[in-house]
Number of protein chains: 2
Amino acid sequence: MFDSVEIKEVKNEIGLLVKAIRKQRGFSQIQLAKALDVSRTSIQNLELGKNFTIDTLLKVLKEMDLLDQLNSEVLQAKAHVMNAKSMY
Amino acid sequence: MFDSVEIKEVKNEIGLLVKAIRKQRGFSQIQLAKALDVSRTSIQNLELGKNFTIDTLLKVLKEMDLLDQLNSEVLQAKAHVMNAKSMY
DNA sequence: CTATATTGAACAATATAATGGTCAAAATAT
DNA sequence: ATATTTTGACCATTATATTGTTCAATATAG
């Protein structure tokens, strides 16, 4: 019923998003990697939808000014859960 | 200017969200771990704000019916980027 | 209350992400 | 057109996430 999308597809989309923002800001993979103090390989793995750690992703999101937004959505989801009556 | 929140704090909040949903659904860490075919240690690391992989997180979000929502927001963010004129 | 289940913590072993490097293809610049 | 930059791919090494386990503390159930 829920979650028809596959994990692999979500990772691909995250990678495409990061790549799109990086391109728009005129950064190369190497420039972004240096700015975040991670390797180019890590950026590449993220952009190509391989597995990666939450630290790598959050460093990228922070650089792209998306970290606050993500945090807000997490807080909102949490509040929503706290509010809802359990259906289980 | 942007992104005043710290990476560590976001990881903590993600962990608290996962824990809140798991509790609400009446799952123990072991039950959730078995359902996702990961170890309880991985669930524990995620809930306690340690580092973890995107695979572990997405497995959890899928189980909690949040994967489609995340995917939609990624797509929306991507569309937003594609649309916007570059400021760089 | 006592018994049971759950959780946080720590550990060694294994699997794998991160790093730093090279190279050819593709994209971009000149 | 050629020169330059960037990227995807691959590789060996290192760092670390994952696994499986035990144990004490805490929470929950009886």
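Both backbone and side-chain heavy atoms feed into the values below; hydrogens, waters and symmetry mates do not. All values derive from a computational prediction rather than experimental measurement. Chain A is the first sequence line, chain B the second, and so forth, proteins listed ahead of strands; every chain is numbered from 1.
- For the pair B:Phe52 CZ and C:dA15 C1', the computed distance is 19 Å after rounding to whole Å.
- A:Lys50 places its NZ atom 14 Å from the P atom of C:dT16, with the value rounded to the nearest Å.
- Judged as a side chain to side chain donor-acceptor pair (under 3.5 Å), and not counting sequence neighbours, B:Glu63 has no contacts.
- Close to C:dG20, at under 4.0 Å from its OP1 or OP2, lies no side-chain N or O of A:Thr41.
- For A:Ser72, there are no side chain to side chain contact (heavy atoms under 4.5 Å, CB included) partners at least two apart in sequence or on another chain.
- One interatomic measurement links the two molecules: CG of B:Leu48 to C1' of C:dT7, which rounds to 9 Å at whole-angstrom precision.
- With rounding to whole Å, B:Asn12 atom CG is found 15 Å from C:dG8 atom C1'.
- Rounding to the nearest 0.5 Å places CG of B:Leu67 at 6.5 Å from CG of B:Leu61.
- With sequence neighbours left out, the salt bridge (charged side-chain N to carboxylate O under 4.0 Å, His left out) criterion links A:Lys59 to no other residue.
- Residues passing the side chain to side chain donor-acceptor pair (under 3.5 Å) test with B:Gln69 are B:Glu73, sequence neighbours excluded.
- Rounded to a whole Å, the CG atom of A:Asp55 is 10 Å from the P atom of C:dT19.
- Connectivity analysis of hydrophobic side chains (ILVMFWY, heavy atoms under 4.5 Å, direct or indirect) links A:Phe2 to A:Met1.
- If you find the closest nucleotide of DNA chain C to B:Arg22 and to A:Arg40, the one lying nearer the 5' end belongs to B:Arg22.
- When heavy atoms are screened at a 4.0 angstrom cut-off, A:Gln29 is found touching the sugar-phosphate backbone but no base atom.
- Scanning for side chain to side chain donor-acceptor pair (under 3.5 Å) contacts around A:Lys11 gives B:Asp55, with sequence neighbours left out.
- In the hydrophobic clustering, where aliphatic and aromatic side chains (Ile, Leu, Val, Met, Phe, Trp, Tyr) are joined below 4.5 Å either directly or transitively, B:Leu16 stands alone.
- A heavy atom lying under 4.0 Å from DNA chain C marks none of the residues of residues 30-38 of chain B.
- Using a distance-only test at 3.5 Å, with no hydrogens or angles considered, no donor-acceptor pair links the side chain of A:Lys62 to the main chain of A:Asp68.
- If one axis is set at each end of the helix from C:dC1-D:dG30 to C:dT30-D:dA1 from five pairs, those axes are 70° apart, to 10°.
- As a whole-Å value, the separation of A:Asn51 CG from C:dT16 P is 10 Å.
- The number of heavy atoms from other shown groups lying within 6.0 Å of NZ (A:Lys50) does not exceed 12.
- Contacts classified as salt bridge (Lys or Arg N to Asp or Glu O under 4.0 Å) and involving residues 28-41 of chain B (residues at least two apart or in different chains) are not found.
- Of all nucleotides in DNA chain D, those with any atom nearer than 4.0 Å to a heavy atom of chain B start and finish, going 5' to 3', at D:dA17 to D:dT22.
- Checking C:dA17, C:dG8, C:dA18 against the side-chain heavy atoms of B:Thr53 singles out C:dA17 as nearest.
- As rounded to whole Å, 14 Å separates atom P of C:dT7 from atom CG of B:Asn45.
- Rounded to a whole Å, the NZ atom of B:Lys23 is 9 Å from the P atom of C:dT6.
- In this structure A:Glu47 satisfies the side chain to side chain donor-acceptor pair (under 3.5 Å) test together with A:Arg22, A:Gln29, sequence neighbours excluded.
- Between B:Lys19 and the phosphate of C:dT7, there is no side-chain N or O to OP1/OP2 separation shorter than 4.0 Å.
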